[in-house]
Amino acid sequence: MKWHRRLDAWVRSHPGRVDAIVAITAFVIFAAAPLLLGVGVSVLTGSRTSNLAKEASALFVGAALAWALSERRTHPRRALWVSVASCLVQVVVPGEPIPMNLFVPVLLYSITAYGARVDARWALAFSAIGSVLATLKFTGLTFAHDLPTYVAVLIFHVLICTVAWVAGDLTRTRRLALEAVADRARRLEQEQEQERALAAADERRRIAREMHDVVAHSLSVIIAQADGARYAAAADPEVAPRTLGTIAQTGREALREMRSLLGVLRADEDEAAPKAPAPDLARIPELVENTRRAGLSVSLTHRGEPLRPLPAGAGLTAFRAAQEALTNVLKHAGPHAAATLDLTWTSRGLTLSVTDTGRGATASDGLGRGQQGMRERAALYGGSATFGPRGGGGYAVTVFLPYQEI
C-alpha cells in the first residue's frame, strides 16, 4: 500500500485524533503566535500599551474555538455551543477580530454535516444572528451611517455562512445515503447467509426423507423375502432361488436409487456416475409388483382420469407416499394382512390412499419419521396427508396432491 493510501486510511479511521491535531495547530498558528508576536514587537519598540482584558479575551476565544474544532465531528453538539459561547464573549468584550474567526465557517460546515438535524438548524440560526452582530461591532457601522456598506458586509458574511451550511447539508445527505446503502448491503448479506442455511437444512431434510424411503422399503422387502424363504425352503427348495432373485433385484434397485441420490452430493468427484430417473406415478405398478413378491397381497385400483399431469415433484411425492405406506404394512400389519392402493383423480387433483386389514393402531413406523416425511412432501405441493386406524380394523393412509404447484 502506498504511503498516501495508508495516511488516508489512518485519517478516516481516527477522526478525533485528526481534529485534535488540526485544532492544536490552528490555535498555535492563529491565536497564540500572533498574540506573542504582538507583545514582542511592542516590547522591542517601547510602544507597549497594556490591555489585559482584550488580550485575555482573544486568547480565551481562540482556545474555545480550537476546542470546538477538536470535537466538530465526534461531538458536534458540544462544538456548537462552545463556538456560540466563544463568539458571544468576543462580541461582548471590547476587542478586534482574531485570525481564529476564519474557522467559524468550518465549524458551521462540520456541525451541519455530522450533527443532528436540529443542531444544523440551530447552527444556521446562530450564524445569521452572529453575522448581524459581528458586522455591527467590527465594522463600526450602523443602519443610520453608511447603510449600503453595512448591507454589503452583512451580505458577505451571510453568503459565507450560507455556503458553509449548504455544503455541510449536502455532505450530511450523502453520508446518510452511503450509510443506508452499507446497512442495506450488510442486511442483504445476512439474509443471503440465512437463506443458504435454510436451503442447506431443507436439502438435508430432503435427503433424509429419500434415504429413509429407499432404505426402509428395500430392507423391508429383503427381510420379508429372506424370512419367507427360510421357512418355505424346507418344503419347496425351488423357493430359495426365486427369493434370492427378488432380493438381488430389490438390492440393485435400492443401490441405484442411493447412487443417484448421493451423486448430487459428490457430483464434482464423479460426474460420470450413473443416475437413475426419479420415481413417479408410472412406477407405482412396479412398486406394487415388488411388494407382492415380498409376500404381501396388494391390489391396485384406478379411478377417474387426470385433467392434466401433476408436477414432477408431486409425482415423486405420490410414489414415496405409496412406498412408505406399503413398507409400513409389510413391517407392522402382521401376517395374513392384505393392502389396497387406490389412485383417485378428481377435478382438484390426485387422492392416493393405502388401506390394509392388519393390526390397525400398531401399523406405524417406530419413530414416525416416514409419516412426517409424507406430510412434509405433500405440504411442499399444497397437499395434505392423513393417517390413522380404520373403524373396522386395519390402517389407512390418505395423501392428497392438487394439480397446481404451490
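Sequential numbering from 1 along the given sequence is applied to the chain's residues.
Shown here for Trp67 and Ser70, the closest heavy-atom pair between the two residues is O-OG, 2.6 Å.
Leu316 CG to Leu310 CG: the interatomic distance, rounded to the nearest 0.5 Å, is 12.0 Å. With rounding to the nearest 0.5 Å, the separation of CG in Leu326 from OG1 in Thr291 is 4.5 Å. The CG atom of Asp356 sits 9.0 Å away from atom OG1 of Thr340, with the distance rounded to the nearest 0.5 Å. To the nearest 0.5 Å, atom CG of residue Leu108 and atom CZ of residue Arg72 are 12.5 Å apart.
Applying the side-chain hydrogen bond (donor to acceptor under 3.5 Å, both in side chains) test to every pair with at least one member in residues 81-95, sequence neighbours left out, gives these pairs: Gln90-Asn101. Applying the salt bridge (charged side-chain N to carboxylate O under 4.0 Å, His left out) test to every pair with at least one member in residues 23-32, sequence neighbours left out, gives no pairs at all.
Between the side chains of Thr317 and Arg377, no donor-acceptor pair of N or O atoms lies under 3.5 Å. For the residue pair Tyr109 / Thr171, a side-chain donor-acceptor distance below 3.5 Å is found, with atom types taken as modelled.
Residue Arg77 qualifies as open at atom CZ: its count of foreign heavy atoms under 6.0 Å is 12 or below.
Inter-residue side-chain proximity for Val329 and Leu296 is flagged as met; some heavy-atom pair is nearer than 4.5 Å. Thr301 places none of its side-chain heavy atoms less than 4.5 Å from the side chain of Leu341. Inter-residue side-chain proximity for Ser353 and Thr344 is flagged as unmet; no heavy-atom pair is nearer than 4.5 Å. Leu69 is not listed as a side-chain neighbour of Asp19, based on a closest heavy-atom distance of 4.5 Å or more.
Remark: Arg175 pairs with Glu179 by the side chain to side chain donor-acceptor pair (under 3.5 Å) rule, at least two apart or across chains. Partners of Arg78 by side chain to side chain donor-acceptor pair (under 3.5 Å), not counting sequence neighbours, listed by chain and number: Glu71. A search for side chain to side chain donor-acceptor pair (under 3.5 Å) contacts involving Arg303 returns Asp342, not counting sequence neighbours.
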Inset, instruction - Determine, step by step, whether Thr351 and Val399 satisfy the side chain to side chain contact (heavy atoms under 4.5 Å, CB included) criterion, reporting the C-alpha distance in whole Å, the side-chain angles of both residues, the deciding distance to 0.1 Å, and the verdict. - result: CA-CA 6 Å; Thr351 300; Val399 177; over 6 Å; no

Legend entry - Residue pair Val354, Tyr395: steps toward the side chain to side chain contact (heavy atoms under 4.5 Å, CB included) verdict: CA-CA 8 Å; Val354 177; Tyr395 200 81; over 6 Å; no

Inset, instruction - List the steps and the verdict of ring-ring contact (aromatic ring centres under 6.0 Å, His included) for Phe103 and Phe30. - result: CA-CA 10 Å; Phe103 292 95; Phe30 293 94; 5.3 Å; yes

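In this structure, Tyr403 contributes its side chain and Leu307 its backbone to a donor-acceptor pair below 3.5 Å. No donor-acceptor pair under 3.5 Å is formed between the side chain of Ser110 and the backbone N or O of Leu107. A donor-acceptor pair is defined here as one N or O able to donate and one able to accept, closer than 3.5 Å; no such pair exists between the side chain of Arg172 and the backbone of Tyr114.
Using a cut-off of 4.0 Å between Lys/Arg side-chain N and Asp/Glu carboxylate O, Arg186 and Asp183 are scored as salt-bridged. At a threshold of 4.0 Å, the pair Arg320-Asp280 does not count as salt-bridged, since none of the basic side-chain nitrogens sits closer than that to a carboxylate oxygen.
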For residues 159-166, which side-chain donor-acceptor pairs fall under 3.5 Å, sequence neighbours excluded?
| from | atom 1 | to | atom 2 | distance (Å) |
| --- | --- | --- | --- | --- |
| Thr162 | OG1 | Val158 | O | 2.7 |
| Trp165 | NE1 | Ala120 | O | 2.9 |

